[in-house]
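Notes follow the structure.
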Amino acid sequence: MEYTNVSIPAFEPTPLETIPAIASAARGAFRSHRTKSLQWRQVQLRKFYWAVEDYKPQLLAALQKDLHKSTFESLLTEIDWLKKDCIFMLDHLESFAKDEKLGSPAVPAVYSIMKMRVRKDPVGTVLIIGPYNFPVQLLLAPFIGAIGAGCTAVVKPSELTPACAMVIKEMIEKRLDNDAFAVVNGGIPETTALMNEKWDKVFFTGSATVGKIIARKAAETLTPVVLELGGKNPAFVTKKANLALAARRLLWGKTLNAGQVCLSQNYILVDKDVVTTFIEHLKQAYREMFPNGAKASPDFARVVNQRHFFRLKKMLDDTKGKIVMGGAMDESELFIEPTAVLVNSVNDSMMQEESFGPIFSIYPVNSLDEALNIANLVHRTPLSLFSFGSKAENERILNEMTSGGATVNDSYFHATLNTVPFGGVGDSGWGAYRGKASFDCFTHFRTIAEPPSWAESLMRVRYMPYDLSRLSMLSRLMDKKPNFDRNGQVIKGLGYWMSMILCLGGTGAKGALVRWAVILAAHYLYRIRAGQ
Ligand SMILES: NC(=O)C1=CN([C@@H]2O[C@H](COP(=O)(O)OP(=O)(O)OC[C@H]3O[C@@H](n4cnc5c(N)ncnc54)[C@H](O)[C@@H]3O)[C@@H](O)[C@H]2O)C=CC1
Ligand SMILES: CC1=C(/C=C/C(C)=C/C=C/C(C)=C/C=C/C=C(C)/C=C/C=C(C)/C=C/C=C(\C)C(=O)O)C(C)(C)CCC1
């Protein structure tokens, strides 16, 4: 669908000389303490929800212009996604933000008078830097977490999706608190200027290459960072897999957004006995998705720019493998057909870098052992992995290979729900967000104690001159005796069994009182019914 009647301003980078003032205004807004008010945050989140709704035509037009993204995908993975995020944050904000009262087992009885609790403080003023592939959702989903947590924020959209960047700027500046929230547009110079400012946290989504630049710069001022990076993600298909299902679901993972999805598989390790059949199922799935070919399909997006088009083309030109599906390209449209390449070496160009496009390799293996060895060699901490096999094989894959997230029997389905945590592991990312994790990501969990004045004499033990007898008494009140010996074995002596009996099968006093109350109540009810 074309959006010809929607006007989107031409891209304008934010003037470099204005960036310090923008950051200063955001810091000043945080120091005003107005963001500490839950009501203030709720108003901003509600305003943001309606801004996304009201700017839908512009956002749809911008996503179409920047990425040839279909209305379907723009709604499913960008616009409706953000609206759901807003509603979820608003529905749960009070419970997320309220103090967490601390008690047993963390707090022993003698400390119960200290009113220990965890307060949820906003970390402060944050910088959010977004990528080009989901230029609305991946930039503004963390932004919703920052608002909910009570932070002020500056967001920096990708310059590779300029139409989206300009719509986002207008949307936020017209609808939200202008000092607390700002948009800086631009590329390397503007992002570098932003990183010269002091932030309380930086949230970066993008490549590992740039992630290192951001983390290195942030380290100079000990600024915490969240890095949402990419990976060379494996898919495993054993001979016990439902090959038709695996083919269709993995093709979905490489066709949504023209495969420009950091979560999607980079390569598929297929048992050699079924690789031919698997490829046939892949072609059949392609025919079903694109009856007239991917290029003619209004659903299939385009590669974002020439640089990425030629990067992908080079991967295909340099491969020693055999193209077994797809392969068509059209530079004039930045079109690359969903393409599968049969390879047999981890040194192949298709295996050396993250494809981040509609191309992937198929690597026949002799066994699951070999598949796991190859996957751990190619990238030990990918952002995601997908396994299609028997229950035992899938469990073994999850046990013997880590990843940021994983889906059994599908492509990146674990990341299609906006309310569950999402993030990398190792060099595919630091930290997580989405759902409550978005609130937590921008929150400092601050333990507070409040020892009462009247307890001063009871707390004398800590003062000099020290008195060991007082310390022994405190230890008797606070310390638990080990129930294990020097060989690490649990001691089930008389004390253990007495405790089990008195605590009615539990080992702690807390549950025992409840169990004893239930037993006694049942006893007396029985006696009443028996007329005794
Ligand atoms: N883990 C995740 O959630 C996601 C990870 N990614 C990863 O991001 C990459 C693709 O996205 P891109 O936008 O191309 O990433 P990128 O790293 O090129 O750009 C990301 C952001 O960094 C800025 N930037 C680029 N070069 C910079 C530099 N030298 N100094 C300072 N800032 C710089 C850009 O303006 C952009 O806003 C892929 O590697 C993909 O795996 C993409 C989407 C989601
Ligand atoms: C409706 C009832 C039922 C069945 C429900 C079913 C089968 C629901 C199926 C839902 C599906 C297939 C949803 C798919 C959603 C896909 C989404 C939202 C994709 C999102 C992709 C994103 C956000 C990508 C992000 C990419 C990133 C971060 C990147 O890598 O760059 C029952 C249960 C049968 C009965 C009750 C009614």
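Just so we're clear, the structure is a prediction, and the values are computed from it rather than from any experiment. Ligands are counted one by one from 1 in listed order, and the atoms in each one are counted from 1 as well.
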Examine Phe356 against ligand 2 and note whether any of their N/O atoms are separated by less than 3.5 Å.
-> no
side-chain contact (heavy atoms from CB on, under 4.5 Å) between Val324 and Leu282, intermediate numbers included | CA-CA 10 Å; Val324 293; Leu282 213 48; 5.8 Å; no
Which protein non-hydrogen atom lies closest to atom 10 (C) of ligand 1, naming both residue and atom, and how far is it?
-> Phe356 CE2, 3.5 Å
Heavy-atom distance from atom 26 (C) of ligand 2 to the protein below 4.0 Å?
-> yes
Near Ile213, which atoms of ligand 1 are under 4.0 Å from a heavy atom of that residue?
-> 29 (N)
Is Gly130 near ligand 1, meaning one of its heavy atoms is under 4.0 Å from it?
-> yes
Short side-chain to backbone donor-acceptor contact, Arg27 and Lys198, under 3.5 Å | yes
Report the member of Leu383, Asn133, Thr416 with the shortest heavy-atom distance to atom 31 (O) of ligand 2.
-> Asn133
Report the nearest protein non-hydrogen atom to atom 24 (C) of ligand 2: residue, atom name, distance rounded to 0.1 Å.
-> Phe134 CZ, 3.8 Å
Identify, by atom number and element, the atoms of ligand 2 in contact range of Arg434, meaning under 4.0 Å from any of its heavy atoms.
-> 28 (C)
For the pair Asp427 and His379, evaluate side-chain contact (heavy atoms from CB on, under 4.5 Å) and give the outcome as yes or no after the intermediate values.
-> CA-CA 9 Å; Asp427 61 3; His379 188 184; 2.6 Å; yes
Out of Gly206, Ser355, Gly404, Ser264, whose heavy atom sits nearest atom 8 (O) of ligand 1?
-> Gly206
Among Leu194, Asn266, Asn233, Val210, the residue with a heavy atom nearest to atom 26 (N) of ligand 1 is Val210
Run the salt-bridge test on Lys169 and Glu12 with the 4.0 Å N-O cut-off and return the result as yes or no.
-> no
One finds that the ligand 2 atoms under 4.0 Å from a non-hydrogen atom of Leu138 are 28 (C), 31 (O)
Which protein heavy atom lies closest to atom 1 (N) of ligand 1, and at what distance to 0.1 Å?
-> Leu229 O, 2.6 Å
Phe143 and Phe181 aromatic ring geometry - parallel, tilted or perpendicular at 30°/60° bounds | perpendicular
Between Glu170 and Tyr55, is any side-chain donor less than 3.5 angstrom from a side-chain acceptor?
-> yes
Examine distances only and state if a side-chain atom of Asn233 and a backbone atom of Leu263 form a donor-acceptor pair shorter than 3.5 Å.
-> yes
Might you check, step by step, whether the distance between atom 16 (C) of ligand 2 and some protein heavy atom is under 4.0 Å?
-> yes
Do the rings of Tyr132 and His308 sit parallel, tilted or perpendicular, given the 30° and 60° boundaries?
-> tilted
Is the side chain of Asn178 donor-acceptor paired with the backbone N or O of Glu173 at a distance under 3.5 Å, no angle test?
-> yes
Any Ser158 heavy atom less than 4.0 Å to ligand 1 = yes
Gln137 near ligand 2, heavy-atom distance under 4.0 Å?
-> yes
Please write down residue, atom name and distance for the protein heavy atom closest to atom 20 (C) of ligand 2.
-> Thr77 CG2, 3.7 Å
Report the part of Leu263 in contact with ligand 1, treating N, CA, C, O as backbone and CB onward as side chain, heavy atoms under 4.0 Å; options are side chain, backbone, both, neither.
-> neither
In this structure, atom 13 (C) of ligand 2 is nearest to the protein heavy atom Phe413 CZ, 3.8 Å
For atom 14 (O) of ligand 1, is the nearest protein heavy atom closer than 4.0 Å?
-> yes
Would you call the rings of Phe413 and Trp252 parallel, tilted or perpendicular, where under 30° means parallel and over 60° means perpendicular?
-> tilted
When you check the gap from the basic side-chain N to the acidic O, do Lys156 and Glu190 get nearer than 4.0 Å?
-> no
Could you tell me which atoms of ligand 1, counted from 1 in the order shown, lie closer than 4.0 angstrom to a heavy atom of Leu383?
-> 1 (N)
Where is the nearest protein heavy atom to atom 22 (O) of ligand 1: which residue, which atom, and how far?
-> Phe204 CE1, 3.4 Å
Sub-3.5 Å N/O-N/O distance, Cys262 and ligand 2 = yes
Tell me, which protein residue and heavy-atom name are nearest atom 11 (O) of ligand 1, and how many Å apart are they?
-> Pro131 CB, 3.7 Å
Nearest-contact summary for atom 43 (C) of ligand 1 - protein heavy atom, Å | Asn133 OD1, 3.1 Å
Would you confirm whether Glu73, through its side chain, and Ser70, through its main-chain N or O, come within 3.5 Å as a donor-acceptor pair?
-> no
Does a side chain donor of either Lys320 or Asn344 reach within less than 3.5 Å of an acceptor in the other side chain?
-> no
Per-atom contacts, ligand 1 versus Ile129 - under 4.0 Å to a heavy atom = 21 (C), 22 (O), 37 (O)
Any N or O of Ile188 closer than 3.5 Å to N or O of ligand 1 | no
Give a yes-or-no answer on whether the side chains of Thr221 and Thr223 include a donor-acceptor pair shorter than 3.5 Å.
-> yes
Before signing off on this row, confirm whether Thr205 and ligand 1 have an N or O atom pair separated by under 3.5 Å.
-> no
Would one find an N or O of Ser428, backbone or side chain, under 3.5 Å from an N or O of ligand 1?
-> no
Any donor-acceptor pair under 3.5 Å from Gln260 side chain to Arg302 backbone | yes
Atom indices of ligand 1 within 4.0 angstrom of Lys156 heavy atoms, with elements | 34 (C), 35 (O), 36 (C), 37 (O)
Ligand 1 N/O within reach of Glu159 N/O, cut-off under 3.5 Å | yes
Which of the ligand 1 atoms, numbered from 1, are nearer than 4.0 Å to a heavy atom of Leu138 | 43 (C), 44 (C)
In plain terms, say whether Arg311 and Glu353 are close enough for a salt bridge, that is, a side-chain N and a carboxylate O under 4.0 Å apart.
-> yes
For atom 38 (C) of ligand 1, find the nearest protein heavy atom and state the residue, atom name and distance (0.1 Å precision).
-> Glu354 OE1, 3.6 Å
Give the single entry among Cys262, Ser207, Ala415, Pro189 that approaches atom 44 (C) of ligand 1 most closely by any heavy atom.
-> Cys262
Under-4.0 Å protein heavy-atom contact, atom 37 (C) of ligand 2 = no
NZ/NE/NH1/NH2 to OD/OE distance under 4.0 Å, Glu53 and Lys56 | yes
Can you sort out which atoms of ligand 2 are near Leu76, meaning under 4.0 Å from one of its heavy atoms?
-> 16 (C), 17 (C), 18 (C)
Would you find a donor on one side and an acceptor on the other, under 3.5 Å apart, between the side chain of Lys120 and the backbone of Phe96?
-> yes
Give the numbers and elements of all ligand 1 atoms closer than 4.0 Å to a heavy atom of Tyr132.
-> 11 (O), 12 (P), 13 (O), 14 (O)
If you measure only the distance, is there a donor-acceptor pair under 3.5 Å linking the side chains of Ser428 and Thr381?
-> no
Contact with ligand 1 for Phe422, non-hydrogen, under 4.0 angstrom = yes
Gly230 heavy atoms, cut-off 4.0 Å: which ligand 1 atoms fall inside?
-> 41 (O)
Going by atom types alone, do Gln284 and Glu280 pair a side-chain donor with an acceptor below 3.5 Å?
-> no
State whether the side chain of Arg41 and the backbone N or O of Gly148 hold a donor-acceptor pair below 3.5 Å, judged by distance alone.
-> yes
